[in-house]
Amino acid sequence: MAARGRLFGIRRDVWLLAVLGVAAIVLAGFLVVGRGSDTAPAASGPESGQSTEPTFGPVGDLARRIDGDPLARGTIDAPVTMVVFSDYRCPFCAKFSRDTEPQLVEKYVNSGQLRIEWRDLPLFGEQSRAAAVAGRAAGAQGKFWEFNSALYAAAPDRGHPEFDTATLRGFAERAGVPDLDRFDRDAASADFDRAVGSDLLEAKMLGVSSTPAFVVNGYPILGAQPFDAFTTTIEKAAGRQP
């Protein structure tokens with residue numbers, strides 16, 4: 001038990017160092033995108049009189065638009081980007097994943113209008129952090145969204161699910177991760193701690209303290225809102241709202 005306690009302490013210290021290590025980098029990026037940027041100028045349509053260019057809300061453009069990012073879905077040049085801050089143990093995040101996200105993918109992502117970028121916000125302890133790392137381990141083999149969906153599909157409507165090593169491996173298997181032994185090694189390593197810590201720090205700097213939280217071209221949405229709340233904001237961000 002003492003050895004296990006020391007191991008947990010070492011992993012906790014590594015986690016804290018990872019968060020501190022990315023602070024300066026994230027702060028610089030945050031200042032560049034301009035958290036308080038004004039709405040971008042929008043052109044007017046020649047016939048409708050409505051704007052035809054994307055607009056940006058008060059939070060600014062948080063999109064990373066990294067080509068080949070396994071934690072993003074949708075084309076890299078989509079006019080609207082929705083940044084999603086989530087915790088794998090959050091029941092409301094699971095509700096969004098099951099009920100709303102598939103509709104957004106069908107209506108906007110598949111047509112090239114929307115890009116969704118994931119951010120890890122592990123709020124519910126070590127198991128949340130472990131699940132975030134496991135998601136990235138699945139993403140390293142091209143199965144992030146499959147893992148994401150498999151985990152949320154099994155989530156309870158209330159409370160926080162328990163995740164141990166075997167459970168996370170089971171979700172990876174269900175998601176079709178090809179090399180499960182590699183998944184186990186990656187999920188147990190500290191390779192993704194810095195990336196998860198970067199997401200966590202970005203959320204803290206934005207004042208995001210609960211999940212799920214969304215930023216659609218700089219327009220914030222808090223909580224698992226109805227589908228119409230997302231479509232209204234996406235249409236506004238796309239410049240199609242009167």
Side-chain angles (χ1 to χ4, degrees), residues 1-19 69-73 84-102 105 116-201 203 208-214 223-224:
M1 292 296 292
R4 183 176 181 181
R6 287 195 299 272
L7 179 61
F8 177 79
I10 292 171
R11 190 61 181 271
R12 179 196 60 204
D13 292 342
V14 170
W15 169 250
L16 292 175
L17 287 173
V19 172
D69 182 0
L71 276 63
R73 62 200 314 172
V84 182
F85 292 93
S86 288
D87 184 313
Y88 283 113
R89 301 185 71 206
C90 165
F92 300 105
C93 298
K95 178 176 176 59
F96 168 79
S97 173
R98 293 192 298 257
D99 299 344
T100 306
E101 189 174 36
V105 170
I116 298 176
E117 295 189 0
W118 173 273
R119 303 285 192 271
D120 284 303
L121 183 50
L123 298 176
F124 300 111
E126 171 62 19
Q127 292 186 38
S128 291
R129 188 210 62 80
V133 171
R136 290 174 181 269
Q141 298 189 52
K143 294 293 183 178
F144 172 80
W145 291 105
E146 290 84 353
F147 177 89
N148 185 293
S149 296
L151 187 151
Y152 278 140
D157 292 333
R158 296 181 180 180
H160 309 301
E162 300 292 323
F163 297 137
D164 57 19
T165 301
T167 301
L168 294 173
R169 180 187 171 100
F171 288 128
E173 184 175 10
R174 196 175 306 174
V177 173
D179 188 338
L180 291 175
D181 290 338
R182 176 189 167 188
F183 169 84
D184 288 341
R185 292 192 301 271
D186 288 345
S189 76
D191 292 350
F192 300 108
D193 283 354
R194 182 178 294 272
V196 174
S198 177
D199 285 358
L200 176 62
L201 187 59
V208 178
S209 59
S210 63
T211 54
F214 311 86

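For the numbers below, each heavy atom of this structure counts, side chains included, while hydrogens, waters and symmetry mates do not.
- Closest approach of Ala195 and Arg136 over heavy atoms only: CB-NH1, 3.4 Å.
- Screening Trp118, Phe163, Phe171 against Tyr88 for a ring pair (Phe, Tyr, Trp, His ring centres under 6.0 Å) leaves a single residue, Trp118.
- Remark: of the listed residues Asp87, Asp120, Asp193, Asp193 is the sole one forming a salt bridge (charged side-chain N to carboxylate O under 4.0 Å, His left out) with Arg129.
- Within the 4.5 Å cutoff, no side-chain heavy atoms of Pro122 are placed close to those of Arg89.
- Of the inter-residue distances, the one linking Leu200 atom CG with Phe85 atom CZ reads 10.0 Å to the nearest 0.5 angstrom.
- Proximity of Pro156 to Pro91: side-chain heavy atoms (C-beta onward) are nowhere separated by under 4.5 Å.
- Among all heavy-atom pairs drawn from Phe147 and Ala131, the shortest one is CE2-O, 4.2 Å.
- A 4.5 Å side-chain heavy-atom check between Cys90 and Phe124 finds at least one atom pair inside the cut-off.
- A distance of 4.5 Å separates CZ of Arg169 from CG of Asp184, quoted to the nearest 0.5 Å.
- Here CZ of Arg73 is found 7.5 Å from CG of Asn148. Values are rounded to the nearest 0.5 Å.
- Closest approach of Leu121 to Ala203, counting heavy atoms only: CD1-CB, 3.6 Å.
- Taking each heavy atom of Phe92 and Pro212 in turn, the nearest pair found is CB-CD, 3.7 Å.
- Among all heavy-atom pairs drawn from Ala137 and Ala187, the shortest one is CB-N, 3.9 Å.
- Of all heavy-atom pairs between Gln127 and Pro161, the closest is OE1-O, 4.0 Å.
- With sequence neighbours excluded, no residue forms a side chain to side chain donor-acceptor pair (under 3.5 Å) with Arg174.
- Contact of the Ser86 side chain with the Tyr152 side chain is registered, since non-hydrogen atoms from C-beta on lie closer than 4.5 Å.
- Under the 3.5 Å distance criterion, the side-chain polar atoms of Gln141 are matched with a main-chain donor or acceptor of Asp179.
- Evaluation of the side chain to side chain contact (heavy atoms under 4.5 Å, CB included) rule for Asp157 yields Arg98 as partners, not counting sequence neighbours.
- A donor-acceptor contact shorter than 3.5 Å links the side chain of Ser149 to the backbone of Trp145.
- With hydrogens and angles left out, the side-chain atoms of Asp186 and Ser189 include no donor and acceptor closer than 3.5 Å.
- For the atom pair CZ of Phe214 and CD1 of Ile116, the computed distance is 9.0 Å after rounding to the nearest 0.5 Å.
- Checked against salt bridge (Lys or Arg N to Asp or Glu O under 4.0 Å), Arg119 has the following partners two or more places apart in sequence or in another chain: Glu117, Glu202.
- For the pair Leu180/Glu173, a side-chain contact is recorded, criterion being any heavy-atom separation below 4.5 Å from C-beta on.
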